2 protein chains.
Amino acid sequence: MADADDSTSGGLADPAEGETVTGRGSLDRRRIIDAAVSLIDQFGLRQLTMRRLGAHLGVEGMALYHYIPGRESLLDGIVETVIDELLDDSELVVVGNDWRGYLRRLALAVRRTAIAHPEVFPLIATRPSMSPWTRPPLRSLRWTETFLRTMKDCGLSDEAAIAIYRGFCSFLLGHLLLDLAGPPVDRAAAGTDPATRQSAPDAGEYPLLASIEPDSMLANSVEFEQELEWLLHRLAAMFAD
Amino acid sequence: MADADDSTSGGLADPAEGETVTGRGSLDRRRIIDAAVSLIDQFGLRQLTMRRLGAHLGVEGMALYHYIPGRESLLDGIVETVIDELLDDSELVVVGNDWRGYLRRLALAVRRTAIAHPEVFPLIATRPSMSPWTRPPLRSLRWTETFLRTMKDCGLSDEAAIAIYRGFCSFLLGHLLLDLAGPPVDRAAAGTDPATRQSAPDAGEYPLLASIEPDSMLANSVEFEQELEWLLHRLAAMFAD
DNA sequence: ACCTGAACACCGTTCAAGT
DNA sequence: ACCTGAACACCGTTCAAGT
């Protein structure tokens, strides 16, 4: 009874659930996507199945089709949700035409996202098609639009905005995929698929690879921030105010 | 008869087949992998199926398991084959400790590969796990070993070799994924999956995105080579001979 | 209104049986 | 020796039927 009357869409009454088993409370596109992200983080993309996702939500799998057109669409939704939530971050506002400061904060935020969701980021970077008329390197139209909008609002020309956009994206893709390639930081199970593949080739075949200490391949935020500064400096030099 | 005696592994007798329908001539790990690459190039990764791959080779699908442990292993094989064939390129030899020249040639070769196999490169950049003890950003142990070996042979220290390796990989990943993100150059069908997804959102929602001319997002080899020079210059400055 | 059951066409993979 | 047929456990997806 109380349940039914309570269905104002705002939802101030936070159920404060655990986190993984989302339990009841009727389904919802957003809730489905969040559950999917959590499943991917825990078990890897390969394990994300409509049926398993349904079960995780206490529902029969086929029920998801009432909220989402299909699995591909779900993946698109995940990409958008994960990348777009950065835009709503209150720290991410440009202050006084300082686009360099904005980009610095944005880069660090994207990096945090990539590291928080190591199995989702490759999706963000390599998801096929989307709309054929444009396919941004980070697969969110809204993110891209906001990026360009912000650069223009800072007084940059169209050409400058696009050049900065390209340089920034290529920087992020390269550095973040490098970071994610390293030995799993602590993101335990993810990727340790039961369908484990060929046993490690004997290290003897690759002496140099075996000799370097794993730490030198590790994600390194100091290095990231330093290279980021160089990039911003170079971009600023190209498009001086 | 002649066939059996002819099985010296060199294989001078080139059958000079068409290219896609590889037809008979008994199966072979290498032939299977090549066929898989060709299928991915034509129809996209999603369409690569053990059964379809079998059919493409004139065989029943289950037959592939005599040569390859499973689909995951096949994908690993594809990644290695595509990236490793660069190493055998005769132009790719270091001459007189000129590691910059070597890296320049290597970068261009990797770029050609990425553009020739746009659906395979994301695999090279984001394939999960491999051996847990090390997972290079470009997923080939042999490629990585050769890279480091070459740098050391040019007289660079371990630290320099690794730093250069990281900088180089991150550069390639960023720039090549940016290139592949652009509008499909001519790689027709690939990615135009029949399972096409949501109809394009009306361009009105993203005015800036809609206003920029697609060309400005296009793969641009001049820009690539220029940025490559800057990278090599910077690396050389850090690790002067 | 919202979910389920059963069904369909397809997977990857195994294995006994064919030739 | 090399491939096939049938089978198993699983997919994504559709849709009539339940509550």
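Everything numeric here is computed off the predicted structure, so don't read it as measured data. Order of the sequence lines sets the chain letters (A, B, ...), proteins ahead of strands, with each chain counted from 1.
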**OP:** Quickly work out the B:L64 CG to D:dC3 C1' distance and round it to whole Å.
**Re:** 11 Å
Original post:
Nearest-Å distance, CD (B:E60) to P (D:dT4)?
Top reply: 5 Å
Original post:
Between A:Y67 and C:dC3, does any side-chain N or O lie under 4.0 Å from OP1 or OP2?
Top reply: yes
Donor-acceptor under 3.5 Å ([X] side chain, [Y] main chain):
{"X": "B:R52", "Y": "B:Q47", "value": "yes"}
{"X": "A:R29", "Y": "A:Y67", "value": "no"}
{"X": "A:R71", "Y": "A:L48", "value": "yes"}

**OP:** Any side chain to side chain donor-acceptor pair (under 3.5 Å) involving residues 105-118 of chain B? Give me the pairs, sequence neighbours left out, ordered by first then second residue.
**Re:** B:D41-B:H117, B:R111-B:D179
Original post:
Reading nucleotides 6-19 of chain C from the 5' end, what letters show protein touch, with B for base, S for backbone sugar-phosphate only, - for no heavy atom under 4.0 Å?
Top reply: BB---BBBB-----
Subject >> Reported CD1-to-CD1 distance for the pair A:I78 and A:I83, which is rounded to 0.5 angstrom >> reply: 13.5 Å
Original post:
For A:D215, which residues count as a salt bridge (charged side-chain N to carboxylate O under 4.0 Å, His left out) partner, sequence neighbours excluded?
Top reply: none
Subject >> Sequence-distant partners of A:A114, side chain to side chain contact (heavy atoms under 4.5 Å, CB included), two or more places apart >> reply: A:F121, A:L176
Original post:
In chain order, what residues pass the side chain to side chain contact (heavy atoms under 4.5 Å, CB included) check against A:D84, with sequence neighbours excluded?
Top reply: A:E80, A:L87, A:S140, A:R142, A:W143
**OP:** Starting at the 5' end of DNA chain D, write a dot or bracket for each base, bracketing those in Watson-Crick or G-U wobble pairs whose two distances are under 3.5 Å and using | for partners on another strand.
**Re:** ||.|||||...|||||.||
